[in-house]
Peer 1: 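Got a structure for you, questions after.
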There are 2 protein chains.
Amino acid sequence: MLNEAINLEILPEAAGEPERRVRDRGATERAILAAAKGLLAEQGFQNFGINAVARRAGCDKQLIYRYYGGLDGLVEAIGADLGTWVKDRIPEDTGGMFLLTYGDLMERLSLLLLDALRDDPLMRRILAWEISENTEQVRRLSEARSKALALWLERMRGSLAPPKGVDAAAVNAVVIAAIQHLVLAAAAGGQCAGLSLKTSKDWEKAATALKRIVRGVYG
Amino acid sequence: MLNEAINLEILPEAAGEPERRVRDRGATERAILAAAKGLLAEQGFQNFGINAVARRAGCDKQLIYRYYGGLDGLVEAIGADLGTWVKDRIPEDTGGMFLLTYGDLMERLSLLLLDALRDDPLMRRILAWEISENTEQVRRLSEARSKALALWLERMRGSLAPPKGVDAAAVNAVVIAAIQHLVLAAAAGGQCAGLSLKTSKDWEKAATALKRIVRGVYG
DNA sequence: CCCGTTACTCACCGATTGGTGACAGCGGGG
DNA sequence: CCCCGCTGTCACCAATCGGTGAGTAACGGG
């Protein structure tokens with residue numbers, strides 16, 4: 001009778017999950033990857049482990065070892081999956097693309113990046129992970145992320161050249177740093193350096209300041 | 001004889017540690033606090049736990065519960081200790097204080113903050129912790145940190161008023177965000193958004209960009 | 001000298017972690 | 001048909017975690 005009770009719980013005849021996977025390795029692999037990404041996005045890297053992923057994927061952790069070679073391989077798979085971030089995030093029309101100056105471009109890109117990060121919890125968690133740890137795991141993931149981001153920036157930039165006389169690479173790095181930290185701090189505590197970042201009105205203020213800064217450097 | 005062997009190992013007659021504390025509660029409390037701060041600064045918040053702190057302090061974890069009421073209290077004590085950060089970090093002469101404009105001031109403050117964070121591993125770890133977690137523990141510590149930083153900024157600012165027409169609070173928050181993220185990313189991976197941040201030459205470039213940005217907004 | 005308070009250590013608890021070896025069940029190829 | 005390989009499950013391991021209760025050793029006042 002104990003078995004019966006367990007069966008009733010375990011087998012979701014018509015329960016939440018639509019159908020039970022049956023000996024479909026591809027589907028299982030996908031489920032594991034999805035579980036890992038979801039777990040990382042929702043809980044962060046603190047409680048990210050083999051057991052937690054397997055629990056969420058609804059399978060045995062042994063399969064993670066078999067199919068991905070452990071957590072490291074799984075993390076690498078997440079990194080590989082990040083390649084799709086670029087094309088998912090490129091709006092087909094970039095506002096008519098009537099971008100006249102490098103300043104126009106950077107202002108637009110800054111705001112786009114801000115919004116893109118604002119509603120991408122997984123990317124945010126990876127970013128926070130990068131900053132907090134320096135293991136090989138994280139380094140690889142970080143590389144994939146920065147590559148994706150760089151590719152995105154390149155695609156968006158087109159062929160507009162930065163003005164002479166300014167170290168555009170350094171300036172842009174500072175601007176990106178600001179954007180990333182604003183989003184991370186907001187997601188974690190709803191504020192940054194005393195500036196509240198909760199309502200959309202708060203974000204308008206931040207965006208305005210950001211625009212002002214970009215305009216200040218690039219005219 | 002087993003006792004003898006243990007004694008030889010445990011009691012460092014003339015071993016690494018200078019002297020063994022003997023029934024000095026104050027010293028033990030200080031040792032625990034120092035161990036906690038050191039551990040957090042060196043290892044980060046990942047392996048920060050009761051056992052690790054007690055191990056480093058060279059005492060039983062029970063004492064942490066007794067003297068600090070557990071990890072939470074200990075973290076709070078670290079936060080309280082952060083109050084001294086302000087006066088430790090205020091240079092007596094702020095360069096003669098011949099600061100003419102708000103732009104002069106913010107440029108100077110930005111660089112000072114950058115340097116202050118660059119060589120304060122504990123503050124960096126706390127910053128990273130803030131961004132990665134949102135527990136009550138972290139929230140309190142975060143509050144203490146931001147209060148210390150705000151006080152520091154206020155002390156340094158003096159009575160110079162920001163120019164009208166710009167949302168100085170928002171702009172400054174963005175600048176501070178940039179500084180914090182630059183330092184965190186550099187400490188973790190030696191770069192930020194493709195910009196290498198290892199050599200002092202790298203940092204000069206970053207500082208120049210930062211100055212340019214501040215000058216761009218505040219003229 | 002004794003005795004109570006204080007400072008401190010030790011041994012243990014249940015839970016959870018990452019990791020591994022053994023086993024069960026289905027399916028396809030010989 | 002049988003058997004082998006693939007998919008998936010389960011039971012177990014040592015280590016570590018946070019947390020607690022009981023016990024020990026030094027100190028100080030009477």
Side-chain angles (χ1 to χ4, degrees), chain A residues 2-3 5-7 9-12 17 19-36 39-40 43-76 133 135-138, chain B residues 2-12 17 19-36 39-40 43-76 133 135-138:
Chain A
L2 194 128
N3 269 335
I6 286 180
N7 275 337
E9 273 189 5
I10 293 294
L11 298 175
E17 310 174 28
E19 81 276 22
R20 189 85 183 137
R21 298 181 309 276
V22 276
R23 296 178 72 73
D24 183 343
R25 171 162 177 168
T28 305
E29 285 182 358
R30 266 175 278 130
I32 291 175
L33 184 58
L39 192 64
L40 187 54
Q43 318 270 349
F45 56 94
Q46 298 278 46
N47 302 78
F48 187 76
I50 288 274
N51 293 300
V53 171
R55 216 176 296 133
R56 185 186 238 252
C59 71
D60 198 273
K61 56 183 167 182
Q62 175 75 26
L63 297 185
I64 300 178
Y65 286 104
R66 266 219 266 282
Y67 297 156
Y68 289 96
L71 249 198
D72 299 6
L74 186 50
V75 167
E76 204 134 1
E133 228 175 11
T135 62
E136 189 59 32
Q137 254 189 17
V138 169
Chain B
L2 193 128
N3 270 335
E4 289 167 342
I6 286 180
N7 276 338
L8 285 180
E9 273 190 4
I10 292 296
L11 297 176
E17 309 175 27
E19 83 276 24
R20 188 88 185 136
R21 296 181 310 275
V22 276
R23 295 181 72 75
D24 183 343
R25 169 162 179 167
T28 303
E29 286 181 359
R30 266 174 279 128
I32 290 174
L33 185 57
L39 192 64
L40 187 54
Q43 318 270 351
F45 55 95
Q46 299 277 44
N47 303 77
F48 187 75
I50 288 273
N51 293 301
V53 171
R55 215 176 298 135
R56 186 184 235 254
C59 71
D60 198 273
K61 56 183 169 183
Q62 175 75 26
L63 298 184
I64 300 178
Y65 286 104
R66 266 216 260 285
Y67 297 156
Y68 290 96
L71 249 198
D72 299 6
L74 185 51
V75 167
E76 206 134 1
E133 229 175 10
T135 63
E136 189 60 30
Q137 255 189 11
V138 169

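In this text the structure is predicted, and so the values were computed from the model without any measurement. Order of the sequence lines sets the chain letters (A, B, ...), proteins ahead of strands, with each chain counted from 1.
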Peer 1: Please state how far atom CD in A/Gln43 lies from atom P in C/dT17, giving the value in whole angstrom units.
Peer 2: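 One finds 12 Å between P of C/dT17 and CD of A/Gln43, rounded.
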Peer 1: For a 4.5 angstrom cut-off between non-hydrogen side-chain atoms, does B/Gln46 reach A/Gln46?
Peer 2: yes
Peer 1: Would you please confirm or rule out a distance under 4.0 Å between OP1 or OP2 of D/dG18 and any side-chain N or O of B/Arg55?
Peer 2: no
Peer 1: Roughly how many Å is it from CG in B/Leu74 to P in D/dG18, rounded to a whole number?
Peer 2: 12 Å
Peer 1: Do nucleotides 19-30 of chain C as a string where each nucleotide becomes B, S or -: B if the base has a protein heavy atom under 4.0 Å, S if just the sugar-phosphate does, - if no protein is that close.
Peer 2: BBB---BB----
Peer 1: Which residue pairs satisfy the ring pair (Phe, Tyr, Trp, His ring centres under 6.0 Å) criterion with at least one member in residues 47-69 of chain A, sequence neighbours excluded?
Peer 2: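 As it turns out, the ring pair (Phe, Tyr, Trp, His ring centres under 6.0 Å) pairs with a partner in residues 47-69 of chain A, which skip direct neighbours, are A/Phe48-A/Trp129.
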Peer 1: Expressed as a whole number of angstroms, how long is the span from B/Asp24:CG to C/dT6:C1'?
Peer 2: 12 Å
Peer 1: Using every non-hydrogen atom in the two residues, find where A/Ile32 and A/Val53 come nearest and quote the distance to one decimal.
Peer 2: O-CG1, 4.1 Å
Peer 1: Which heavy atom of B/Leu63 sits nearest a heavy atom of B/Cys59, and at what distance?
Peer 2: CD1-CB, 3.9 Å
Peer 1: For residues B/Ala52 and B/Asn47, report the shortest heavy-atom separation together with the two atoms involved.
Peer 2: CB-O, 3.5 Å
Peer 1: Whole angstrom is fine here: how far is it from CD1 in B/Ile64 over to C1' in C/dC8?
Peer 2: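 Going from B/Ile64 (CD1) to C/dC8 (C1'), I get 13 Å.
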Peer 1: Would you say that B/Glu76 contacts B/Asp72 through its side chain, given a criterion of any heavy-atom pair below 4.5 Å between the two side chains?
Peer 2: no
Peer 1: Is B/Thr28 close enough to C/dA7 that one of its side-chain N or O atoms is under 4.0 Å from OP1 or OP2 there?
Peer 2: no
Peer 1: If the helix axis at each end comes from five base pairs, how far does the helix from C/dC1-D/dG30 to C/dG30-D/dC1 deviate from straight, to 10°?
Peer 2: 30°
Peer 1: Shortest non-hydrogen contact from A/Val75 to A/Gln137?
Peer 2: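 Nearest pair, atom of A/Val75 first, then A/Gln137: CG1-O, 4.1 Å.
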Peer 1: Taking only the side-chain nitrogens and oxygens of B/Tyr67, find out if one of them lies under 4.0 Å from OP1 or OP2 of C/dC8.
Peer 2: yes
